[in-house]
Each structure stands twice: as C-alpha cells, then as structure tokens.
Amino acid sequence: MIQILEGTLLPDPSLVVIRPFHIAPEPRDLHPTQLARARRIFHTVATLDQETCLHALEHVNADFKGRHWETRSLFLDRSVKICEAIAGDCDTLSPAHLELICAYFCLEYAYCAAAVTNPSIVAHPDQTGMRPGDLRFILSLRNVGEGHISSISFREGILTRDDTMQIWPQTSPTLAANSAGPDTDGVVTVQRPPTVPISAAVIFPVTNAQRNGLEDLRMVRFEEEGQPATYHGTYTAYSGLEVRSELMTTADFTDFKLQPMTGTAVGGKGMALFPRRVNGAYAMLGRYDGESHFYMQSDQLLNWDKGEMIASPKYLWDLVQTGNCGSPIELDEGFLVLTHGVGAMRKYAMGALLLDKTNPRVVLGRTAEPILVPSDHGRNGYVPNVVYACGALRNGNKILLPYGVSDSSVAFGLIDIPNLLEQLR
C-alpha cells in the first residue's frame, strides 16, 4: 500500500542554537534575594579592566562564534534583558563588557539531540522554476532536546513527477527565531531573520503555557476565496502540567503568529484544520475525549466548542484509541483523513477515513486494516512500536507521507491514491 522512500531524518546533537540561560537561585537562607548570583556575576564582569575583558571575550568567541549566526547581536540583545532584570547599570559599560556579561547568561542548546519526529508537510509558497508535476515542499519537525523540551524546525525539499524525493541539506548554523510578546492575550509574534534560511530557524516555547514544548504541529495550506493562501498550523502547547491547543499562522514562513485558541474543545491534543471553509464555516477535527474522532465547525478561527463524534475505536488495531494524522486532504471523492490507531501493547498503526465533502460528519469509508505499521527495522526508539504523522501532501495521484518512527526519527512513504480509495470503498 505504501512505498517506503529512501532517506531518514535522525536526531543530530551537532545542531545547536544560543538560548537564554536562567541562573538557578540559591536557597533563600544563603542569599537574601533570588538575584544574588546573577548580580555577583554581573558585578564581577562589569569591574574587569578593558584588557582583561577583551581577552576573556576573545576566548568565548574563539569557542562559539563559528558555530552560530550573529553571536554579537544575540549577546547584546540579551544584555538589555539582563540589565532590566537585575537593575544593573549598563550605560557606563563598554560593548565588550556587555557581550561578556551576556555570555554568562546564555547557553548552547542541542534542540534535536534526543529526537526528531511527528512531521507535517505543505506545498512551499515559492514554486518558481518547478517543472510541471514537480512540487516544492516545506516540512515541519518536532524536535526534542535536553529536558524533553519540544521545538519546531523546518526543512525544504522537492517531490518530482517521477516520485523521487529530494530533501535539501540541513543548513548550519541554526538560529532560534526572535520572539516578541506575549501580549496581554497570550499572542506571540516570532520572526525568522531574512538572512537566515527557513531550514536554519527554530521556534521555541515563549509563553508559560508553552514552556515545556510546542508539540505536533499540524500544518495546512488554507484557501480563502479571493485571498492569498495562508498557512495555519494547530499544535499542542505543553506547560509541564497542562496541555492546550494553539494556532500558528504565517504567510511566507518568515513571520509566525502563535495564538491561543479558546472554547470547550481546545483542552486536548490532535486538532486538525480543514484546508478551506465547509458550508461557510471553519471546520476542524479533534480528539478531545482522548479516543475518538470529532468534527467541529466555527465562525471564528480561534474558538472551538465540542462537536459531533464521527468515528470511534472499532478494529483490533485501533481499539485503545484513534485520531487524525494531520489535516484532511481534499480529493474529488471526499476529504481524506489519515489516521492513527493504538492496539495491543500500545502499538501504533496508521489507517484512513474518507469524509463526505458537503457534510464531513458522514464517513464514506474507513480502512479495516492498517496501511502502515511499525516495521521490524523501524520499531525501536524512544517510544517503541509507533508510527505517527501530523500531515501529508498530495501531488497528482500520490500522497507524500512523512511519518515519525518510534518518536525518534522521520521516514517517508508514498501512498497511491487510487489503491487507497479501493481499500476505503
């Protein structure tokens, strides 16, 4: 059913970014304030003579400058926040002193050292130079680093008309995208500097609701009549204690808006937006009961209340739970939804649903057997016996399916649409 393609994306501890380092406070009985250690570090560096400071900074740059974009500007930007936090007098300090101070309040973070998994995929906004039948794409990845913190990164590639796939090499060094906010409503704007390629930008958690991870982005190219296409992506914000669904929006993968969603249906995982309005309303799939597919409609993109169950666990391979593997793909025959199911021994497999185009509450077809299962050579990993996806991309009569393998790596397959429709019938 699925043709497995060559090429696997693996964790890579060499991919690092500079991130803020928050100095842990000492016990209160040892120091009167939590900022005592930070102020000690600040004062020590601030009182260095210029020659000693330059010598120390030279050593830092020799170690790290070649591994990162714009090291100096990152340090100076961090210095503003440090001075504000500890009420330090920065106006009298030289740029070298400010840079060195902030080197103590930054760290190198290997954002995908532990895992790269749960991919999504959309058509690239720039199809310039593509031959007829070729399709350039953008792939999103969930990366897991130290502390099991999840972030979002991107890769670019091409699916050719003869069903070969090319993924462009990973760009190095990488850079944590700049963030502004959150504002009073929890909205965050994240920007990729124009000098940094898409594949070199990483989006990290910003708000308290996101602080332990941005998980499982489900991207979709959304078509609105009379307007340019917009890219939306639902994802799970994880605080370490609670989860909620949020929405990422971008026009060109340069500026990203991260927005909380509201309503009774957003307190769970696995929401997936339809690629267009259905009967004048936004449409969404979700699994807010933890085990079944639900269909929802809303007049507001950011507000979702509980909808109608359309499919629940049925077969032995999805008896524990079932849910979507990304946004629906529109075909002439209906909306195709790739699904996951969990069976005995918590083994994950993938299947599909076909929904009616005029009324997606109606299930026209469902695969009785899985179309993809963990293989013997791909079942081991951080979470064994899992295949899982957050989106797939149609090109002609084929679907390119990137999928996570055991929450550790990413593999790729091609689905023949006519063959899949036969199974759904």
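All values derive from a computational prediction rather than experimental measurement. Heavy-atom basis, side chains included; hydrogens, waters and symmetry copies ignored.
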J.: Just by modelled atom types, is the G307 backbone N or O under 3.5 Å from a matching donor or acceptor in the Y288 side chain?
T.: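 Here the side-chain-to-backbone pair exists.
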
J.: Could you note down all residue pairs passing salt bridge (Lys or Arg N to Asp or Glu O under 4.0 Å) where residues 397-409 supplies at least one of them, sequence neighbours left out?
T.: D163-K398

J.: Would you name the heavy atoms of L135 and A123 that are closest together and state the gap between them?
T.: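 In terms of heavy atoms, the two residues are closest at CD1-CB, 4.1 Å.
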
J.: When rounded to the nearest 0.5 angstrom, what distance separates OG1 in T234 from CE in M248?
T.: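 Answer rounded to 0.5 Å: 9.5 Å.
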
J.: Judged by atom type as modelled, is there a donor-acceptor pair below 3.5 Å linking the side chain of R361 to the main-chain atoms of I310?
T.: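 Checked: no pair found.
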
J.: Give me the atom names and distance for the closest heavy-atom approach of S199 to P169.
T.: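 The pair with the smallest heavy-atom distance is OG-O, 4.5 Å.
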
J.: Looking at Y231, is its backbone amide N or carbonyl O close enough to the side chain of T250 to form a donor-acceptor pair, meaning the two atoms are under 3.5 Å apart?
T.: no

J.: Hey, does the side chain of N324 reach the backbone of M271 with a donor-acceptor pair shorter than 3.5 angstrom?
T.: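 Side chain of N324 to backbone of M271: no pair is present.
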
J.: Assess the side chains of H293 and R366: does a donor N or O sit below 3.5 Å from an acceptor N or O?
T.: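 Looking only at side-chain atoms, R366 and H293 do not form any donor-acceptor pair under 3.5 Å.
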
J.: Compute the centroid of each ring, for F154 and then for F256, and state whether the two points are separated by less than 6.0 Å.
T.: yes

J.: Is the backbone of K306 close enough, under 3.5 Å, to the side chain of T264 for a donor and an acceptor to pair up by distance?
T.: yes

J.: Looking only at heavy atoms, what is the nearest atom pair of G351 and T367, with distance?
T.: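 In terms of heavy atoms, the two residues are closest at CA-OG1, 3.4 Å.
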
J.: Would the distance check show the side chain of D255 and the main-chain N or O of A251 forming a donor-acceptor pair, the cut-off being under 3.5 Å?
T.: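 No: the side chain of D255 does not pair with the backbone of A251.
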
J.: Would you say the side chains of N303 and T262 form a donor-acceptor pair under 3.5 Å?
T.: yes

J.: Any donor and acceptor pair, going by atom type alone, linking the side chain of S327 with main-chain N or O of L273 inside 3.5 Å?
T.: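 Flag set: sc S327 to bb L273 pair under 3.5 Å.
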
J.: Hey, could you give me the OG/CD distance between S179 and Q191, rounded to the nearest 0.5 Å?
T.: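 Result: 11.0 Å between the selected atoms.
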
J.: What's the separation between atom CZ in R346 and atom CD in Q321, rounded to the nearest 0.5 Å?
T.: 9.5 Å

J.: Between R211 and S239 (side chain of the first, backbone of the second, donor and acceptor by atom type, cut-off under 3.5 Å), is there such a pair?
T.: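 Yes, R211 side chain to S239 backbone: donor-acceptor pair under 3.5 Å.
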
J.: With distance as the sole criterion, is a donor-acceptor pair present between the side chains of T254 and R192 under 3.5 Å?
T.: yes

J.: Hey, can you tell me if H340 and Y348 have their rings parallel, tilted or perpendicular (30° and 60° cut-offs)?
T.: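 Rings of H340 and Y348: parallel, as their planes differ by under 30°.
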
J.: Closer than 3.5 angstrom, by distance alone: can the side chain of S245 be matched with the main-chain N or O of G268 as a donor-acceptor pair?
T.: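 The answer is yes, because a donor-acceptor pair under 3.5 Å joins these two groups.
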
J.: Verify, without hydrogens or angle tests, whether R19 (side chain) and F21 (backbone) share a donor-acceptor contact under 3.5 angstrom.
T.: no

J.: Measure the acute angle between the ring planes of F204 and Y109, then classify it against the limits of 30° and 60° as parallel, tilted or perpendicular.
T.: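 Perpendicular: the ring planes of F204 and Y109 meet at over 60°.
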
J.: Using 0.5 Å steps for rounding, measure from the CG atom of L393 to the CD1 atom of I121.
T.: 5.0 Å

J.: Rounded to the nearest 0.5 Å, what's the gap from OG1 on T71 to CD on E99? Could you check?
T.: 9.0 Å

J.: Which pair of non-hydrogen atoms, one from N178 and one from P193, has the smallest distance, and what is that distance?
T.: ND2-CG, 3.9 Å

J.: Are Y382 and H148 close enough that their ring centres sit under 6.0 Å apart?
T.: yes

J.: So, are R136 and E156 salt-bridged, with charged N and O less than 4.0 Å apart?
T.: no

J.: Which pair of non-hydrogen atoms, one from I371 and one from Q423, has the smallest distance, and what is that distance?
T.: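 Here I371 and Q423 meet closest at CG2-OE1, 4.0 Å.
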
J.: Quickly, which of F222, F274, Y295 forms a ring-ring contact (aromatic ring centres under 6.0 Å, His included) with Y282? Name it, please.
T.: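 Single pass found, and it is F222.
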
J.: How long is the gap from CZ on F64 to CG on L107, to the nearest 0.5 Å?
T.: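 The CG atom of L107 is 10.0 Å from CZ of F64, to the nearest 0.5 Å.
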
J.: Can you see which heavy atom on E291 is nearest to which on V320, and at what distance?
T.: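 Of all heavy-atom pairs spanning E291 and V320, the closest is CB-O, 4.0 Å.
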
